[in-house]
4 protein chains.
Amino acid sequence: MSLASASAARPAPPRRTPKGERTAERILDAAEALFAEHGYAGTTLRAVADRVGVRIPSLYNHFASKDALYAAVLERGLAPVIAVLSDTLEPEGLGSRDSGELVERVMAVLAERPELPRLVQHETLTGGQHLTPMLRSWVTPLFARAHDLAMATPATRRWGPEQIPLLVLAFYHVVVGFFTIAPLLHEWVGEDPRDEAVIERQTRFLRQLVETLLPDEPPADA
Amino acid sequence: MSLASASAARPAPPRRTPKGERTAERILDAAEALFAEHGYAGTTLRAVADRVGVRIPSLYNHFASKDALYAAVLERGLAPVIAVLSDTLEPEGLGSRDSGELVERVMAVLAERPELPRLVQHETLTGGQHLTPMLRSWVTPLFARAHDLAMATPATRRWGPEQIPLLVLAFYHVVVGFFTIAPLLHEWVGEDPRDEAVIERQTRFLRQLVETLLPDEPPADA
Amino acid sequence: MSLASASAARPAPPRRTPKGERTAERILDAAEALFAEHGYAGTTLRAVADRVGVRIPSLYNHFASKDALYAAVLERGLAPVIAVLSDTLEPEGLGSRDSGELVERVMAVLAERPELPRLVQHETLTGGQHLTPMLRSWVTPLFARAHDLAMATPATRRWGPEQIPLLVLAFYHVVVGFFTIAPLLHEWVGEDPRDEAVIERQTRFLRQLVETLLPDEPPADA
Amino acid sequence: MSLASASAARPAPPRRTPKGERTAERILDAAEALFAEHGYAGTTLRAVADRVGVRIPSLYNHFASKDALYAAVLERGLAPVIAVLSDTLEPEGLGSRDSGELVERVMAVLAERPELPRLVQHETLTGGQHLTPMLRSWVTPLFARAHDLAMATPATRRWGPEQIPLLVLAFYHVVVGFFTIAPLLHEWVGEDPRDEAVIERQTRFLRQLVETLLPDEPPADA
DNA sequence: GATGAATGAGGATTCATTCAT
DNA sequence: AATGAATGAATCCTCATTCAT
């Protein structure tokens, strides 16, 4: 999956020293956290460097620009989610059983990188310019297939064909929103969504949501 | 802090102190659009001034600082939504009929100010520091009441009491997410969510979501 | 002649306050001296600001960028020389009498702004990108006319038609070179070419050069 | 200071200490071209390294600093010209015949390294600090001798003794200026002064200039 | 109320240089 | 001899803010 830093033009060092590789990784970690919290514009290279424990110019030994760093963060962060999605959607459709499993897997992946959804949300809000290239090649076809398969499930009895995409988007928003609103809930309710119990509760909730909205059996009134 | 025009504002120009008020309003409009698109950090006073057709220092004749301008934008934007929410939730609970109506009203309000959800999303993502004071006095009690009332509806048979808040949040995310993802969809699918037809479709979808998730009648298996 | 700062996009202030105008002028003065001495790359905005007695950001209130400042310096500096050239060349040709007069006038103009030739030399050496637009509209036609007229003088008996441009260029180089090499001569011979006597000597020399190379009368051996 | 290869250098690769020397030479070539085009301040070590196809730190294996590299470039470039000058001026004076020959030889040397005059011009314009030591030991005595000899030729009948240096300088400027203005002419007239025909034309022109300004025979009117 | 001018702080980025490998 | 990594200093430029007009 090594498409890392496609835009990191100049410094793209041919042979990575283990030391350098580790530094680059640490930079990515720091940048991921900061971009997720403050967005692109709100994140300073100074903040990244400080977090890594390095001087600002050193960042440029690993990434050609703030923008390239941002792209690399997105790329690295999105890869596993894409993998899960494409893996799970490969063979079958959106029946409640599989959808439930998909939801569970996605939640598991995101639980390990809870900043990721916020990162994507930031990017989405500001236009998704960096998302588009990645998604055009990955998510768009996935979305299309999800749609096709969903059309072939009993769910269509309840949901019209043109509503299926809305349903998929809705799930997307619920899942992403859960992580997005995390820090606020933490402050308001004192409940940290990075807590395992909280995540499990949300996963259960999502499962029930799937079962209610996309039942395997045709609804009773059919 | 000059809380500008707590009512719906845009279509009906409020009492106009001939000139200044109109300028302040135009500044708020410009700032709202820009903050919604780029967030606080990504929005420049120069950009605001340019959009208004005025020089930067003039902004300071109407708002004490960038921060104050931002607060005013949030305040003005949130007021009508809060009004709808508190109005609708006042007497009764979350039965599907009323919930459907609530969803419809909220969609109607947001359809007139589609940047608002993005504004709130930005703020939420970056910590919601500006949101907290407003919400602590408005939304938090609303939320509590919604919860209480929901507990008294048949929905509880399907959803455990601790799931009700998750359900409410889920609806929040679906509604807000619809507007949030607008520009991307516009670019990817060519579908402008500010389009009336698109909004109506989404509203229908939300209605059906409400009916499915919070049926008036106890579910068939009860 | 106010074509000042054609590329100074943003700040181009509509109404110039006398104070601001004076500041802009002082910036131009400082920049002219520095660009002439160190060239574009070798000149720092810090150096300019220091010389003006102002902070760096203030420069941006008057010129949109280092590049725009540079262009404005060139423009302002070149204008009078262009004026002299086009004025003198207007009616007649390159006969020794008029050419001598032209040389004299040019020397007089340059004597008042001895940094100008160095400025132009720097620009020429580094590609003349900033010169081209100015010269395309001014010098190129002048050059053409000079050529045409020269062709009609007795000089052609001595110089073939294709040599006339070389002759013109040679004069250009001798004149410009005199000022260009000034600081070196000052250091080596202790002779300051900004000295009036030195300039007058050079002017006499140029006059004799003109008379020798472009005699009014056909050369004796013809 | 590693004075590299004082002879004509490029066509005949000097004694090659297998690898390093060749790299040093390639660095000098790249640096010469870049310094000539952009001057000292406008040339970055990155640009040099890129042109050589090597990483920046490698440059430091061959030259102690940017400044040392610059000095080496000047030294290597100037040596052959100095050689020609001192050789030609050795025995005799500035009679038109010998002067013509000198001009021809200088043109020949420069034609092989057309960047050299631009290099020197850059250096001259920015103060000539690096030139001074070289010139003090080479050119200054040459100049003095040229002056002495010139004083003993018939030319003095036309040119006063104090004008001889001006004449020499004028030739210097015409010769150097020809190469200096090359890129501009290339762009404006489409005529590449590195073209053999162009150089020959200029040489012919210079010869005629010499004959006109420094005739062997006393001028007809004497 | 509007704005030209000025500026402290800080933004991303480049540069020449060093050093360990 | 070559180079990845690191960095102090400096680059151009932007930002939010102030103030006199």
Side-chain angles (χ1 to χ4, degrees), chain A residues 10-11 13-24 41 43-49 53-67 69, chain B residues 17-24 41 43-49 52-62 64-67 69, chain C residues 10-11 13-24 41 43-49 53-67 69, chain D residues 17-24 41 43-49 52-62 64-67 69:
Chain A
R10 201 191 328 132
R15 1 166 178 152
R16 276 259 168 90
T17 316
K19 186 171 73 168
E21 189 149 347
R22 219 176 287 115
T23 303
T43 298
T44 283
L45 288 190
R46 174 190 305 281
V48 176
V54 112
R55 308 293 166 154
I56 297 174
S58 293
L59 303 179
Y60 286 87
N61 286 328
H62 302 272
F63 302 93
S65 65
K66 184 187 180 182
D67 206 82
L69 171 57
Chain B
T17 317
K19 191 117 156 277
E21 184 122 351
R22 227 196 282 57
T23 302
T43 299
T44 285
L45 288 189
R46 179 194 303 284
V48 176
V52 179
V54 110
R55 310 283 166 170
I56 297 176
S58 295
L59 304 180
Y60 286 85
N61 287 328
H62 302 273
S65 65
K66 184 187 179 184
D67 207 81
L69 171 58
Chain C
R10 202 190 328 132
R15 0 162 178 155
R16 277 260 168 90
T17 319
K19 185 171 70 167
E21 188 148 349
R22 220 175 288 116
T23 303
T43 298
T44 285
L45 288 189
R46 175 192 303 282
V48 176
V54 113
R55 308 293 167 158
I56 297 174
S58 293
L59 302 180
Y60 287 87
N61 286 329
H62 302 273
F63 301 92
S65 64
K66 184 187 180 182
D67 207 81
L69 171 57
Chain D
T17 316
K19 193 119 157 275
E21 183 121 350
R22 229 200 278 54
T23 302
T43 299
T44 71
L45 289 189
R46 178 195 303 286
V48 176
V52 179
V54 111
R55 310 284 167 171
I56 298 176
S58 295
L59 304 180
Y60 286 87
N61 288 329
H62 301 272
S65 67
K66 184 186 180 183
D67 207 80
L69 171 58

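Just so we're clear, the structure is a prediction, and the values are computed from it rather than from any experiment.
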Q: Look only at the side chain of D:T44 and the backbone of D:A47, and say whether a donor-acceptor pair between them is shorter than 3.5 Å.
A: yes

Q: Would you please confirm or rule out a distance under 4.0 Å between OP1 or OP2 of F:dA6 and any side-chain N or O of A:H62?
A: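 Answer yes for this pair, as a side-chain N or O of A:H62 is under 4.0 Å from OP1 or OP2.
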
Q) D:L69 has an atom CG; how far is it from atom P of E:dT17, in whole Å? A)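 My rounded result for the distance is 10 Å.
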
Q: Between C:L45 and B:A64, just flag the one whose closest nucleotide in DNA chain F comes earlier from the 5' side.
A: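 Result: C:L45.
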
Q. DNA chain E: A:K66 or C:G53, which has the more 5' nearest nucleotide?
A. C:G53

Q. Hey, is the side chain of C:T23 poking within less than 4.0 Å of OP1 or OP2 on E:dA5, counting only N and O atoms?
A. no

Q) Closest nucleotide of DNA chain F for A:L59 versus for B:A41: which of these residues is on the 5' side? A)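 Here A:L59 is the residue nearer the 5' end.
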
**Q.** Closest to side chain of C:P57, choosing from F:dA16, F:dT14, F:dA5
**A.**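 Looking only at side-chain atoms, C:P57 lies closest to F:dT14.
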
**Q.** Nearest heavy-atom neighbours spanning D:L45 and D:L59
**A.**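 In this case the closest contact between D:L45 and D:L59 is O-CD1, 3.6 Å.
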
Q: Ignoring the backbone of D:I56, work out which of E:dT17, E:dA6, F:dA16 is nearest its side chain.
A: E:dT17

Q) Expressed in angstrom and rounded to an integer, what is the separation of A:Y60 atom OH from F:dA10 atom P? A)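 To the nearest whole Å, that distance equals 19 Å.
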
Q. Relative to the 5' end of DNA chain E, which residue comes earlier, C:R55 or A:T43, by the nucleotide with the nearest heavy atom?
A. C:R55

Q: Once you apply the 3.5 Å cut-off to both distances, tell me the Watson-Crick or G-U wobble partner of E:dA20, or none.
A: F:dT3

**Q.** Heavy-atom pair of closest approach, residues D:T23 and D:H62
**A.**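 Closest pair (atom of D:T23, atom of D:H62, distance): CG2-NE2, 3.5 Å.
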
Q: Measure from the side chain of A:R46, starting at C-beta and using heavy atoms only, and say which of E:dT7, E:dG1, E:dG11 lies closest.
A: E:dG11

Q: Name the nucleic acid region contacted by B:T44, choosing base, sugar-phosphate or nothing; use a 4.0 angstrom heavy-atom cut-off, strictly under.
A: sugar-phosphate

Q. Between F:dT7, E:dT7, E:dA12, which nucleotide gets closest to the side-chain atoms of C:S58?
A.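 So the side chain of C:S58 is nearest to E:dT7.
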
**Q.** Among F:dT3, F:dC13, E:dA5, the one nearest D:N61 by side-chain distance
**A.** F:dT3

